[in-house]
Amino acid sequence: MAPFLAFQLSPPNPLHPFHLCEFKVARGQRLQRIAAPALPLPSRGRIASVPGFMKLWSQFFIPTLKESPADAEITSHKLLVRAGLVRKLTGGLYTYMPLGLRVIHKITELCRQEMDKAGAIELWMPHVHPVENWMQGPRWEAAREIMFRADHAGAGKRAPRDPEFVLGPTHEEIITPLVKSEITSYRDLPKNFYQIATKFRNEIRPRYGLMRAREFIMKDAYSFDADDAGATRSYQLMKAAYEAFFARVGLKAIAVEADTGVMGGSFSHEFMVPAEVGDDDVVYCEESGYSANREKATSGLVPADLKDAEPAGAVEKFATPGVVTIASLEAAPYSVPGDKQFKTLVFVGDDKPFIVILRGCDELEEAKLGSLGFKLFRPATPEEIEPVLGAKPGSLGAVKGTIKNPAVLAGIFADHAIRLIGNGVTGANEDGFHLRNVNVARDLAITRFGDFRTVKAGEPCPKCGAPLKSRRAIEVGHVFKLGTKYSEKFNAVYTDDQKQTHPMVMGCYGIGISRTMQAIIEQSHDADGILWPWSVAPFQVLVCLLDPQDPAASEMAKKLGAAAERAGADVLIDDRAERPGVKFKDADLIGIPLRITVGGRGLKEGVVELKARDQKDVVKLPVAEAEARVAEAVVARMG
RNA sequence: CGGGCCGUAGCGUAGCCUGGUAGCGCGCUUGCAUGGGGUGCAAGAGGUCGUGAGUUCGAAUCUCACCGGCCCGACCA
């Protein structure tokens, strides 16, 4: 009886990195590899797949599709699926397939490098959160809408009770108590902690593949500083790191001023990738460089030195039977232009009604109501409005003395632009009647003026007065200066050198990693497929072996693959028994930046071919020079 | 949550209006040919027609309910 069994992988494949390995197993013992081919050590930024890095297509898994799934609407989503990068489990939930995961790894590694360079420190926090953390935090009411409950799924073994756990949509409520208990001295500040991990948000309407998913990968960082100046420094440091990161992954992202939304905080920038399919609108000025999310954007429409118009006469009621829209008041016989109408909207904020007044021609920007300080607000229903104002929507107004029950109002807030009206028209708070000759200063009791309207393209830039433009964009990153909103709630304080305690000043910083992957595709593709930037390509070199049965061709493919690998590239060898046309189509679809074609026809001529995915021309390399030329091409792209 | 559309093989779809053998393309399997841009020929496998109830001699098809999906809007750190 032989003490050892030796065996080979079957079927034998001369290209497989394992094929040189010899395995010996003593009976009753564990399998041990006792000899392996000499292999290069993993280099920085490489994805290790020991032994060796090179992958054979036939032994990897890249399920490409000719047709797009019916639910994919935008190009990047179609390509994600067609190139075999992701597969859908259900709405907003995706499996990262092996090829897609390699891209994710490349992106996270670059992100990690930039974060580390900027002085941030990586950690890993739980994604199942005790609900108490959220209830203690400042935004439970608003955030719970998008949070998944993480209750047990047991059937009666545990006592039913309120949710104890939720899945983390972000981690302020976790990091802040952690820092509170671990950091108490100014000597330990500033600190910036980050993680690259999964986030859970129960989006009302997941869309566009990874663009808005229920579960997605995000880099989130949280900075803690002793004072406001420090927090601003941390913020600037992160903003710079973001710019470096997006440049390295090959994304043209621009930083724009943004609304702070539910996050709260004092100021923030979003990193936007211009794309027609984006969810956000960016308003920008080519002259001054001003750019802002539409939610936040302002314009120079209302001059700072505006003088109110002289009242032309007393307020006067007139009958408007059946008129309940701005448009019908604009029409004959009334003919009141939208910019001479007051639009009166009623909201409910923290259970109290409040009024917002705009020009008839303007749209409310709901995000801007966040500045009013309500924890939660929503449009009021007609049933709620009538007892307060005395009329149904369509005949509402805020003229002094016409409001039925002014005492219950939490306030009357007006957009600055209504001061442009002068002798305007508004509802009389009596169904079927309006008022004319209404003037802001004389007739309205405004609690506070503010910027509540949506800026339209063409309005003057707030900085230079040139016409503003707008375009769609995808948000891929967001930096917030948070202030002390969370540290106060969680009592995250430190002691300074005067033995005084202060709340830490925080910032938070997110990058949508999975969204970034899709944004890159959206920004970098052609009719045939993806064009991966070198830095994030799942493989950088694809050796297209057209005759895998031919030992000489296979040998050449392996040699060139190894040369590319030695030069620093991740290499995939297409060794499938497919026709050339299929291989070329797949190569274009999955978008590997450099393609080396090894085929019988070329070898007869004594050449192999080198083609860049983003260029048309094919370079013929004489076989004798091929290894060196391939290495050269790789090095030239390594950066 | 409102409005619209759709569930038929792994994927993309026809058939439904007008009830009577479930069809096509891609993909998959086998064979032969082919071998540099999704090749050709031939032979196959693969379907609770979303679920349930009803109408009917008979339902993918008509009716009702439910479930799921997609789009528009609302919403969206």
Side-chain angles (χ1 to χ4, degrees), chain A residues 63-74 77-78 81-82 84 87-93 137-139 142-147 168-173 199-209 211-214 216 218 220 222 258-265 268-270 278-280 293 295 364 366-367 370 376-379 381 475 477-480 482 485-486 508-512 515 527-529 544-550 553 574 576-589 595 597-605 607-609 611 616 618 620:
Chain A
T64 58
L65 298 174
K66 280 188 196 173
E67 288 176 300
S68 303
D71 62 358
E73 222 198 341
I74 65 174
H77 185 190
K78 289 176 184 167
V81 178
R82 285 191 55 210
R87 284 294 183 264
K88 183 165 87 168
L89 172 63
T90 184
L93 298 172
R139 53 175 172 165
R144 63 186 304 183
E145 296 302 321
I146 52 109
M147 287 168 67
T170 174
H171 280 72
E172 285 80 1
E173 277 77 355
K199 292 282 177 284
F200 302 89
R201 296 181 188 178
N202 198 2
E203 296 287 353
I204 310 175
R205 186 140 92 88
R207 229 196 292 218
Y208 299 149
M211 279 301 175
R212 189 185 301 169
R214 289 191 162 112
F216 57 97
M218 181 171 167
D220 48 325
Y222 307 90
D259 181 66
T260 50
V262 175
M263 297 295 309
S268 103
H269 285 85
E270 280 170 347
D279 272 349
D280 293 277
N293 190 311
E295 292 182 350
L364 173 69
E366 260 192 57
L376 267 186
F377 59 85
R378 57 170 175 81
T381 63
E475 177 191 348
H478 208 153
V479 291
F480 291 92
L482 278 177
K485 182 176 173 179
Y486 291 85
C508 73
Y509 318 94
I511 290 177
R515 183 181 279 189
D528 294 314
C544 225
L545 172 55
L546 298 184
D547 304 287
Q549 281 75 29
D550 175 2
D574 187 354
R576 295 174 300 167
E578 289 288 352
R579 298 179 60 86
V582 173
K583 295 191 175 211
F584 292 142
K585 285 290 183 192
D586 272 345
D588 289 345
L589 179 59
R595 187 181 86 195
T597 305
V598 179
R601 179 188 293 183
L603 290 181
K604 263 179 219 144
E605 274 182 60
V607 298
V608 297
E609 288 158 24
K611 184 185 175 298
K616 259 202 136 88
V618 173
K620 294 193 173 183

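As the structure is a computational prediction, the values presented were derived from the model and not from experiment. Each chain gets a letter, A, B and so on, in the order the sequences are listed, and its residues count up from 1.
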Find every protein N or O atom lying less than 3.5 Å from an N or O atom of nucleotides 1-7 of chain B, and list the pairs.
none

For A:Phe200 and for A:Tyr208, find the nucleotide of RNA chain B with the closest heavy atom, then tell me which residue's nucleotide is more 5'. A:Tyr208
Can you check the distance between B:rU8 and B:rG4, where both ends of the measurement are the C1' atom (answer in whole Å)? 22 Å
Give me, pair by pair, the N or O atoms of the protein and of nucleotides 12-15 of chain B that are less than 3.5 Å apart, along with how far apart they are.
| unit_1 | atom_1 | unit_2 | atom_2 | d |
| --- | --- | --- | --- | --- |
| B:rG12 | OP1 | A:Ala70 | N | 2.9 |

Can you work out whether A:Glu270 or A:Gly91 has the more 5'-proximal nearest nucleotide on RNA chain B? A:Gly91
Can you check whether A:Arg207 has a side-chain N or O nearer than 4.0 Å to OP1 or OP2 of B:rC72? yes
Using the C1' atoms only, state how far B:rG58 lies from B:rC41, rounded to an integer number of Å. 41 Å
Please report the distance separating the P of B:rU39 from the corresponding atom of B:rG25, rounded so that it comes out in whole Å. 14 Å
Going from CD on A:Glu578 to NZ on A:Lys585, what distance comes out if it is rounded to the nearest 0.5 angstrom? 14.5 Å
Whole-Å P distance, B:rA53 and B:rA60: 14 Å
Sorted by chain and number, sequence neighbours left out, side chain to side chain donor-acceptor pair (under 3.5 Å) with A:Tyr222 holds for A:Thr170, A:Asp220
Which pair of non-hydrogen atoms, one from A:Leu545 and one from A:Lys583, has the smallest distance, and what is that distance? O-NZ, 2.6 Å
When rounded to the nearest 0.5 angstrom, what is the spacing between CG in A:Leu546 and CZ in A:Phe584? 4.5 Å
Step-by-step side chain to side chain donor-acceptor pair (under 3.5 Å) determination, A:Arg139 to A:Tyr486: CA-CA 10 Å; A:Arg139 53 175 172 165; A:Tyr486 291 85; 2.9 Å; yes
Those residues that, when tested against A:His171, pass ring-ring contact (aromatic ring centres under 6.0 Å, His included) (two or more places apart): A:His127, A:His129
Looking only at side-chain N and O atoms, does A:Lys199 come under 4.0 Å of OP1 or OP2 in B:rC76? no
Can you give one letter per nucleotide of nucleotides 34-51 of chain B, 5' to 3': B if a protein heavy atom sits under 4.0 Å from the base, S if only from the sugar-phosphate, - if neither? B-BBBB------------
For atom C1', what is the distance between B:rC49 and B:rC16, given to the nearest Å? 11 Å
With rounding to the nearest 0.5 Å, note down the distance linking OG1 in A:Thr64 to CG in A:Asp586. 3.5 Å
Per-residue pairing states of RNA chain B in dot-bracket (Watson-Crick or G-U under 3.5 Å; . unpaired, | other strand) read (((((((..((((......[..)))).((((((.....)))))).....(((((..]....))))))))))))....
